[in-house]
Amino acid sequence: MAGTLAGYGFAFLVGTSAIAFLSGQKLSLGVVWSCLSVSFLWLTMHSLILAVREIRDFSGTCFRGADLTNAVFESNLREKS
């Protein structure tokens, strides 16, 4: 998540620089900074998607395909005599 946030911040910085260059009639630098901004936005979205997948996959136990025939889900704290 920290990488996603840092990537978004850098994309915002580069995007504002691109707007400044395009407003100052420096078309070539504006286009270069715009392409860099768009690529960092894409990387940020990709990182965010990966982070969401990791959180979703980590959130629980999957019993799909498991044989739970003799499974015991309650613990018996009393000792058996």
Side-chain angles (χ1 to χ4, degrees):
M1 288 304 284
T4 302
L5 191 61
Y8 178 72
F10 187 72
F12 183 77
L13 175 68
V14 171
T16 55
S17 298
I19 291 171
F21 282 123
L22 290 172
S23 297
Q25 305 299 326
K26 296 182 180 180
L27 187 61
S28 60
L29 285 174
V31 169
V32 169
W33 284 101
S34 296
C35 291
L36 189 62
S37 176
V38 168
S39 66
F40 266 92
L41 282 174
W42 181 81
L43 287 172
T44 300
M45 290 304 296
H46 186 67
S47 296
L48 186 62
I49 289 169
L50 289 176
V52 168
R53 282 184 190 164
E54 286 292 322
I55 291 170
R56 186 187 63 214
D57 291 343
F58 183 73
S59 64
T61 304
C62 179
F63 291 106
R64 187 177 304 151
D67 182 16
L68 302 175
T69 305
N70 295 322
V72 177
F73 293 104
E74 295 178 4
S75 64
N76 190 357
L77 297 177
R78 295 184 211 167
E79 290 184 30
K80 293 183 179 180
S81 304

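We count residues from 1, following the sequence as given.
- In this view, Phe40 and Phe10 satisfy the ring-ring contact (aromatic ring centres under 6.0 Å, His included) rule, not counting sequence neighbours.
- Under the rule for a side-chain hydrogen bond (donor to acceptor under 3.5 Å, both in side chains), Ser28 has no partner lying at least two apart in sequence or in another chain.
- Taking a 4.5 Å side-chain heavy-atom cut-off between Ile, Leu, Val, Met, Phe, Trp and Tyr, the cluster of Tyr8 extends to Leu41.
- Asn70 meets the side-chain hydrogen bond (donor to acceptor under 3.5 Å, both in side chains) test with no other residue; sequence neighbours excluded.
- For Leu48, the side-chain contact (heavy atoms from CB on, under 4.5 Å) test picks out Met1, Thr4, with sequence neighbours left out.
- Using a 4.5 Å cut-off between side-chain heavy atoms of Ile, Leu, Val, Met, Phe, Trp and Tyr, Leu22 falls into a hydrophobic cluster with Leu27, Val31.
- Nearest heavy-atom pair across Ser37 and Ala11 is OG-O, 3.3 Å.
- Here the CG atom belonging to Leu13 is positioned 7.5 Å from the CH2 atom belonging to Trp33, to the nearest 0.5 angstrom.
- Side-chain heavy atoms closer than 4.5 Å link hydrophobic residues (I, L, V, M, F, W, Y) into clusters, and following such links, possibly through other members, connects Phe21 to Leu36.
- Taken to the nearest 0.5 Å, the CE atom of Met45 stands 5.5 Å off from the CD1 atom of Ile49.
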